[in-house]
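This report refers to the structure that appears directly beneath it.
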Protein chains: 2
Amino acid sequence: MARPTIADIARRVGVSKGAVSFALNGRPGVSEATRARILQVADEMNWRPHSAARALGGARAGAVGLVLARPASTLGVEPFFAQLLSGLQARLSAESMAMNLLVVEDSAAEIETYREWTSAHRVDGFVLVDPTVRDPRFEALEALGAPAVVLGGPGRFGALSSVWADDREAMLSVVDYLAALGHRRVAHVAGLPGLRHTQRRIRALRDSVRRLGLVDTVSLPTDFSDAEGAAATRTLLSRPGRPTAIVYDSDVMALAGLGVAGEMGVRVPGEVSIVSFDDSVLTRVTHPGITSLSRDTIALGGQVAEVLLQVIADPALRRDVKTATPRLVVRESTAPPAPGTAG
Amino acid sequence: MARPTIADIARRVGVSKGAVSFALNGRPGVSEATRARILQVADEMNWRPHSAARALGGARAGAVGLVLARPASTLGVEPFFAQLLSGLQARLSAESMAMNLLVVEDSAAEIETYREWTSAHRVDGFVLVDPTVRDPRFEALEALGAPAVVLGGPGRFGALSSVWADDREAMLSVVDYLAALGHRRVAHVAGLPGLRHTQRRIRALRDSVRRLGLVDTVSLPTDFSDAEGAAATRTLLSRPGRPTAIVYDSDVMALAGLGVAGEMGVRVPGEVSIVSFDDSVLTRVTHPGITSLSRDTIALGGQVAEVLLQVIADPALRRDVKTATPRLVVRESTAPPAPGTAG
DNA sequence: TCCGGCAACTAGAGCGGTTTAGTACCTCGG
DNA sequence: CCGAGGTACTAAACCGCTCTAGTTGCCGGA
C-alpha cells in the first residue's frame, strides 16, 4: 500500500477525517478511547504527516532557513559553520524542525531567497549571519514579516531579534593579556572590512592604544582566506619596527601566519606572539599550539535555535540574548617579547 | 496585499486559474499574447509559487535531502562537507532545487529521516555519504523507492546510483611515490574502520607490500578526530623500527601527526615523511606544507547533483559515474628517508 | 453549407491535511 | 419532563496549485 492518508485511517477506524486529525494532533474533540484506537491504527499503517499538506493549510512549514552569502571556498575551511549548524539542529530536531540550507553568491541573492521561501511557506523563520555595517537584509526581512534571528554583535538589527557576543570585550581581553606580557606593538589581521564585528574589533584595538599606552597598532583587513592572512603577515613582519604580537580574526589565518613566520625564520613565540580570535582543532593541533579565544559554538547554535523558536511561536516577540564572552585559552604561541624588541 | 495567488492573477487578467498555471509553467494551451500578459501581471504582483501547494498535487518537492550521521565535532573540522555542499548547491540551484540538511546521531535515525521526508514529500531524492561495509541504508531507501545517489567507492549499493572515486588506485599512487623515494616502512593512520573506503585503502596498502617488497606496513583505524590521529602517530613513532613514512586518511589527522612529530622532536621530512589523503587549505598553510592527494570536491558535488537530478527525472535510471582519481600534490613533508633508517 | 479538427480556453476535481459549522446524544437542574 | 449546555463526533469548505475533461469558436475541406 502506498502512503496512507488520514482518510485511510478514518475509513479503517470508522470515523471522519476530522476526528482523525483531532486525535493525531492531541486536541480535544475525541474521546480517549477513540483517540487511542486512531493512534494505534495510524501506527499500524505507518502513517506520517504530509508536511506540504499541512503547510498549505497555513500551518507551520516545520523548517527554518539558513542562507549563506559566502564564497564556497571560505565556507569550507572554518569549523565555525559546521558547529553552528549542528548546535542549531540539536535544538531544532527536538521540535522536529528541519533546516533548509542554501549557499548563494551575494546578499541580493540571499534576499531573493528569503522572498521565495517565505512566499512558498518553505520555512517558518530565518537565521542570519555575518551582519554588515549597512545591511539590506534586515529591512527586507522586516518587510516580509518573517521571523528571524541575527547572529552578531551588540546593536540594533531593525526589529529583528539577535543573539550576540561581545567582540569588543573579547578584543580588550586579548590586548590586556598581551600588554601584561610586555607587548607594546600589537598588530591585527582582520576579516572582511564590511562586517560589523570586524569594525568593532578594529575599534576596540584602537581604543586600547590610548588606554594602555601602546604604540603603532595596525589592523589589516582581509577576506578571511589563508592567502590574504599569509600576505598580511608577510607585510607586517617585513616592516621596520615589526609588531611583537599579532592578533588574527580567524584560526585559519593564524595558522597561515604561523606558517609565514616559520618560512621567514621569525621564531614563535620568541620573536612574535600569535593569538587567534577563533578556537578550533586547528589551534590545538599545530606546534606550537596557538593561543586563542575559545567559545562553545555548538551551544551558540542552540541558543540561536531557541530564540528563533520563540520568535516563530510569537512573532511580536523580540529578544536580544547576550552569549558568554569568549575566554582566552593560552597555549605556546604567546610569550613576553624578546628584550630589545618591546619598544 | 498579502501574497498573491494564481487566482488573483487570473481575476486581474480575466482568464481562468488553469490558463494562468499553463502560462506560468511554460506549457501549451495558451496563446503567446495571453501568456505574455499573464507573466507581466504575475511579475507586477510579485507572485511566487507556493511550493507546498505544488508538492501536494503530487509534483516535485523542489528539494533534495542530505542526512549526515556523524558526530557534530567531526563535521566541523573537515572542509570536505562544506565544499561538497557548495558543489551540490551550485548545480541544484540552477534547477531551483533547495537542499534539506540534517545532522543525526546514527544510521537508524538517518533511515527514519528518509522515511519521514519521503512520506512528507519534503524532498525528491537523497544524497548518501559514508557508505559502510554492510550498510542498512541502501535497503531502506530501495524499499521507500526514493531516488538516491551514493557518494562512495566502486562496488554495488543495491539498486542505487553512485558517484565514486577510485580509492585503491589513489592509495597505490601514494605508496608507489613513497617507494620510489626509497621508503620501505610505510604506516597508515586510517579513518573509521566500518567505512568502505577505509577498508579499500587498507587493502590497497597491504597489496602494495607484496608488489613493491615493502616491510612492516600497518594501518591504525581512528575516528577521524585530531585526538586519535595524534595518538596513532605517537604509537607509530614510539615503536622500535618506526615507519619512515605515514599516510593519513584526512588532512586534520595529518596536521595532528605533524604536531606530534614536532613535539617528539622527530624531523619532518628528515626522519618521517607525511602524506595526507585529503587536500585543503590546511595542508598548504602549515610549515612544512603537507604532500596530499588533491581532488576537486566542489566539482564532485556538482557531479553528484547532476546524477541525482537525472535519477529524479527518471527513477528507473541507474548510473554509476567514476570521478577523476585524486592526484598527488607534492609539498615539503615528503623526502627520501634518512640513510640508515630505510631498512 | 456542414462538419471535423484544432487551438485556446474554462470548470472543477483532487492532492492531504486543518478547521469551522453543524448535529446527535447525554446529563443535569428545576 | 423539558430545555440548556457540554461532549463527541460528522460534513464540508478551504489552503494554492495542477491537470483532466469539456466547451467554445474558428478554419478549412468536401
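Letters A, B, ... mirror the listed sequences (proteins, then strands); counts begin at 1.
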Is the distance from OP1 or OP2 of [N] to the nearest side-chain N or O of [X] less than 4.0 Å?
X       : N      : value
B:Ser31 : C:dC9  : yes
A:Thr5  : C:dC15 : no
B:Arg54 : D:dG16 : no
B:Ser16 : C:dT10 : yes
A:Trp47 : C:dG16 : no
B:Thr34 : C:dC9  : yes

Interatomic spacing from CG in B:Leu102 to CD in A:Gln89 - rounded to 0.5 Å: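 Answer rounded to 0.5 Å: 5.0 Å.
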salt_bridge(B:Glu112, A:Arg48) N-O dist < 4.0 Å: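 A salt bridge is present here (some side-chain N lies under 4.0 Å from a carboxylate O).
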Residues B:Asp135, B:Val150; criterion side-chain contact (heavy atoms from CB on, under 4.5 Å); working and verdict: CA-CA 11 Å; B:Asp135 202 314; B:Val150 182; over 6 Å; no
Rounded interatomic separation in angstrom, taking [atom1] from [X] and [atom2] from [N]:
X       : N      : atom1 : atom2 : value
B:Arg11 : D:dC17 : CZ    : P     : 12 Å
A:Asn25 : C:dT20 : CG    : P     : 13 Å
B:Leu24 : D:dT18 : CG    : C1'   : 12 Å
A:Ile6  : C:dT19 : CD1   : P     : 11 Å
A:Ile38 : C:dT18 : CD1   : C1'   : 15 Å
A:Asp8  : C:dG17 : CG    : P     : 9 Å
B:Phe22 : D:dC19 : CZ    : P     : 8 Å
A:His50 : D:dC15 : NE2   : C1'   : 14 Å

If you only use heavy atoms from C-beta on, which nucleotide in C:dT10, D:dT10, C:dT19 is closest to the side chain of A:Ser21?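 The listed nucleotide nearest to A:Ser21's side chain is C:dT19.
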Does CD in B:Glu44 sit with more than 12 non-hydrogen atoms of other residues, nucleotides or ligands closer than 6.0 Å? yes
Is any side-chain heavy atom of A:Arg37 closer than 4.5 Å to a side-chain heavy atom of A:Val41?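 Yes - at least one pair of side-chain heavy atoms lies under 4.5 Å apart.
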Tell me what [X] touches on the nucleic acid: a base, only sugar-phosphate, or nothing, going by heavy atoms under 4.0 Å.
X       : value
B:Arg48 : sugar-phosphate
A:Arg35 : nothing
A:Val20 : nothing

Do A:Lys17 and C:dG17 share a donor-acceptor pair, side chain to base, under 3.5 Å?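 Indeed there is one.
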